[in-house]
Amino acid sequence: MAEGSAARVVGIDLGTTNSLVAFMQGDQPTIIPGEDGDRLVPSVLAFDATQRGFVVGNGARATLLKDASSVVYSAKRLMGRSVEDVQQELKLFPFKLVEGLALGDVLKLEVGGLQLTPPEISAYILLQLKMNAERFFGAPVTRAVITVPAYFNDAQRQATKDAGRIAGLEVLRLVNEPTAAALAYGLDKKRDGLIAVYDFGGGTFDISILKLHEGIFEVISTGGDTHLGGDDIDNLLIAIALDDIAGDADLSIDRDAIPTGEQVQAVRKAVIEAKIALSEADEAKLAVLLPNGKQYTRKITREQFEQLISQTILRTARPCVQALKDAHLTAEQIDEVVLVGGSTRIPAVRALVDELFSLSARGKKPHTELNPDEVVALGAAVQAQILAGANAGSALDDLLLLDVTPLSLGIEALGGVVARIIERNSTIPASATEHFTTGVDGQTNVAIHVVQGERELAKDCRSLARFDLKGIPPMVAGMARIEVKFLIDANGILHVSAREQRSGKAAEIEVKPTYGLTDEQVETMILASFDHAEADLDARQLIEMKNEAETILTAVEKGSSHAAWKQLTPDELAQIAACVNELKISAAGSDYKLIRQNIEQLDKATRRFAELMMDSEVMSAMKGQTMDAADESMGADLTAPHAFAKAEFEEESVAEEKT
């Protein structure tokens, strides 16, 4: 795989719940699987300060139920946000803010005894995706396109770029997630028309209206809510479950006695499993083991579930209506609707989309052909290949992406009003210039306050930056001619310059959010990652080997009660017992290589047992059945992505077999 991959550019979907990395294989975008073979990498980070190691993905998710204080998830919801923004967000999370944070300080979380910023947490997830890609290609990967919610503001976009830099990636472009989805969809469909991309993920909601024409993807309006997603549904159900537990006299437990760490995570796990099940089934069961040893069990029907979440999903309707209004379109003019994000699997969400865009009434259905969890990463890979330079004659030759800025940008003018310079839904890259003057005689200094938002007063908008234009010659009020220029690059990052035209005095700034990371802080984090890279990798491997050893030992213990265990010889049982003992001893130590060696030895020792157990299961399934019937029954409960087909034999092969 290494050939020609040195300059490979990958596409990354840095998600709230799951993250993915993809690349273009010929003209086809393809997901790169993780170390465990899964295409989705859970956006969960477990950190062990004592061993200086970290684990990202399924291993970190498993740690949530054992040591919640060392795990952080849904960090995307905290990117580019202030201390005030996240107070409600943190109530059901196991992690806490570092004490003593003041207004304007960079957000920091206590995770596994360490203090980490959201960009640093996201950087670990990006680093895992980078390592997955490098293992796949057999060569370094240093450049990427990363997707962000369309409604991410400047601070959140800058935080995402910082995360990429910390992870050792040159971020060539930040692409809006709905736009990336449209790229993947457009490659598949190759048709013109108006498309609405409804993106309801784990932590954010976006709606974008795009016009497709002869390979040009033009975003004509966008909207959304960066504080609305599947997490909100989970948190609602968690709160209801906790109140239910506290109010059940039979369970004999007070609300105050319910832990906020591992136990809440156990409830969260049960809630998520029930939510997923209700996308297919009419009812599901919540089951949680409580601290007092009692079992909390509750059946929930799809009807009850939909009633509970109705107000949450209804919050997606208003941005959709506004996006249509901004695009000067009616719902009936939309040709296609594309569903993106895991939350769009919920039947009630699909019903709402159908109603919003009058789909059934027009004999249409929303598009779900592409996996809603993967489509954004696939589109990011398309954009990555375009930026890297598509091969001559490829399907990407004629593709052009025209994205928009989601919110208006301007400066605070006299009296605290906002003078908008770039309106929302302007195509990017974009630039605009406005002229202002002084309000006081002899004024030699102008303070420029850059804001983002749709409100009329600066105090009601998000403050992005402040800088001064100094050295203006004293003049009568109104005589100075100050030119303010806004430039938004292709990533949606803002650059502002100001110039007094009579004197030539000038000042400029690349906008940095007041609670973002400075260049020095980012560089320090990058250097720290280099300094500790070897130690981090060793500790990480140790944690992973210990997790694998624990899983295997549990499986062997469980297998000892199987009927096939009794078919093993005394020598085989003794060898397995010795290997189990050796693995337990090494797993208690700190030599990951020895643990790996003992895992391999135990695997060899239990190989015949695995074969006997498989033979036993097959014989049990086939007992009293024909081959065809057994084939159907054995495949009935399997969760493969496609149904199993019956085996087919060519007549020629059968004839040769008989001879």
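Position 1 is the first residue of the sequence, and the numbers go up from there. Predicted model, so just to flag it, every value in this text is computed and none were measured.
Panel note: side chain Ser221, backbone Ala323; a donor-acceptor pair is recorded below 3.5 Å. No side-chain donor-acceptor contact under 3.5 Å links Ser408 to the backbone of Gln452. Side chain of Ser208 to main chain of Thr179: no donor-acceptor pair is present (N/O by atom type, distance under 3.5 Å, no hydrogens or angles). Asp335 contributes a side-chain N or O that, together with a main-chain N or O of Leu194, makes up a donor-acceptor pair within less than 3.5 Å. Using a distance-only test at 3.5 Å, with no hydrogens or angles considered, a donor-acceptor pair links the side chain of Asn153 to the main chain of Ala155. Looking only at distances, a side-chain donor or acceptor of Thr160 sits under 3.5 Å from a matching main-chain atom of Gln156. When atom types are taken as modelled, the side chain of Lys76 and the backbone of Leu14 share a donor-acceptor pair closer than 3.5 angstrom. A distance-only check finds a donor-acceptor pair linking the side chain of Glu134 to the backbone of Val141 [under 3.5 Å]. Checking side-chain atoms of Glu120 against main-chain N and O of Thr117 turns up a donor-acceptor pair under 3.5 Å.
Nearest heavy-atom pair, Ala159 versus Gly80, reported as atom, atom and distance to 0.1 Å: CB-N, 3.7 Å. The two residues Leu236 and Ile309 have their closest heavy-atom pair at CD2-CA, 4.2 Å. Pro319 and Gly224 make their closest contact through CB-N, 3.8 Å (heavy atoms, listed as atom of the first residue, atom of the second, distance). Contact between Ser19 and Leu129 at its shortest, heavy atoms only, is CB-CD1, 3.8 Å. Minimum interatomic distance between Val21 and Ala133 (heavy atoms only, all atoms of both residues): CG2-CB, 4.4 Å. In plain terms, the two heavy atoms of Ala432 and Ile422 that are nearest each other are CB-CG1, 3.8 Å.
Checked by atom type, the side-chain pair Glu423/Ser426 shows no donor-acceptor distance below 3.5 Å. Under 3.5 Å, the side chains of Asp231 and Ser74 contain a donor-acceptor pair of N or O atoms. For Asn58 and Asp36, the side-chain atoms include at least one donor-acceptor pair closer than 3.5 Å. Between the side chains of Asp154 and Gln158, no donor-acceptor pair is found at a separation under 3.5 Å.
Here the side chains of Pro372 and Val340 are not in contact, with every heavy-atom distance at 4.5 Å or above. Using a 4.5 Å cut-off on side-chain heavy atoms (C-beta onward), Thr16 and Ser43 make no contact. No side-chain heavy atom of Val44 sits less than 4.5 Å from a side-chain heavy atom of Val72. By the 4.5 Å heavy-atom criterion applied to side chains, Tyr124 and Ile166 are not counted as neighbours. The side-chain heavy atoms of Leu324 and Phe357, taken from C-beta on, include a pair separated by under 4.5 Å. Within the 4.5 Å cutoff, the side chain of Ile121 has heavy atoms near those of the Leu109 side chain. Within the 4.5 Å cutoff, side-chain heavy atoms of Leu210 are placed close to those of Val197. No side-chain heavy atom of Arg165 sits less than 4.5 Å from a side-chain heavy atom of Leu169.
Taking CD of Glu177 as the reference point, atom CD1 of Ile146 lies at 11.5 Å (rounded to 0.5 Å). Taken to the nearest 0.5 Å, the CG atom of Asp13 stands 8.5 Å off from the CD1 atom of Ile31. Rounding to the nearest 0.5 Å gives a distance of 8.0 Å between CG of Leu78 and CZ of Arg81. Here CD1 of Ile386 is found 12.5 Å from CG of Leu172. Values are rounded to the nearest 0.5 Å. Here the CZ-CG distance, from Arg157 to Leu494, works out to 11.5 Å after rounding to the nearest 0.5 Å. The structure places CG of Leu409 at 11.0 Å from CG of Leu487, a figure rounded to the nearest 0.5 Å.
Aromatic ring pairs are classed by plane angle as parallel below 30°, tilted from 30° to 60° and perpendicular above 60°; the pair Phe23 and Phe137 is perpendicular.
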**Message:** Under the criterion side chain to side chain donor-acceptor pair (under 3.5 Å), I'd like the reasoning laid out for Arg39 against Asn18: C-alpha separation, chi angles, the key distance, then a yes or no.
**Reply:** CA-CA 10 Å; Arg39 295 155 71 87; Asn18 296 298; over 6 Å; no

**Request:** Walk me through it: do Leu40 and Leu20 pass the test side-chain contact (heavy atoms from CB on, under 4.5 Å)?
**Result:** CA-CA 6 Å; Leu40 298 178; Leu20 304 91; 3.4 Å; yes

**Test side-chain contact (heavy atoms from CB on, under 4.5 Å) applied to Val10 and Met24, step by step** = CA-CA 8 Å; Val10 295; Met24 289 297 291; over 6 Å; no

**Item:** Derivation and outcome, salt bridge (Lys or Arg N to Asp or Glu O under 4.0 Å), residues Arg345 and Asp373
**Value:** CA-CA 10 Å; Arg345 289 190 173 94; Asp373 291 320; 2.7 Å; yes

**Item:** Steps toward side-chain contact (heavy atoms from CB on, under 4.5 Å) verdict (Ile195, Ile334)
**Value:** CA-CA 6 Å; Ile195 292 181; Ile334 300 297; 6.0 Å; no

**Message:** With side-chain contact (heavy atoms from CB on, under 4.5 Å) as the criterion, how do Glu35 and Asn132 come out once you've worked through the C-alpha distance, each side chain's angles and the decisive distance to 0.1 Å?
**Reply:** CA-CA 7 Å; Glu35 292 174 309; Asn132 290 349; 3.9 Å; yes

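For CZ of Arg315, the number of neighbouring non-hydrogen atoms (other residues, nucleotides, ligands) closer than 6.0 Å is greater than 12. Counting heavy atoms of neighbouring residues, nucleotides and ligands inside a 6.0 Å radius, atom CD of Gln333 exceeds 12 of them.
Among the candidates Asp199, Leu352, Val353, the single residue satisfying the side chain to side chain contact (heavy atoms under 4.5 Å, CB included) test with Thr316 is Leu352.
Cation-pi contact between Arg268 and Tyr73: present, with separation from the ring centre below 6.0 Å and deviation from the ring axis of at most 45°.
Here Asp326 pairs with Arg424 in a salt bridge; the nearest charged N to carboxylate O distance falls below 4.0 Å. In summary, Lys275 and Glu280 do not engage in a salt bridge, as defined by a charged side-chain N under 4.0 Å from a carboxylate O.
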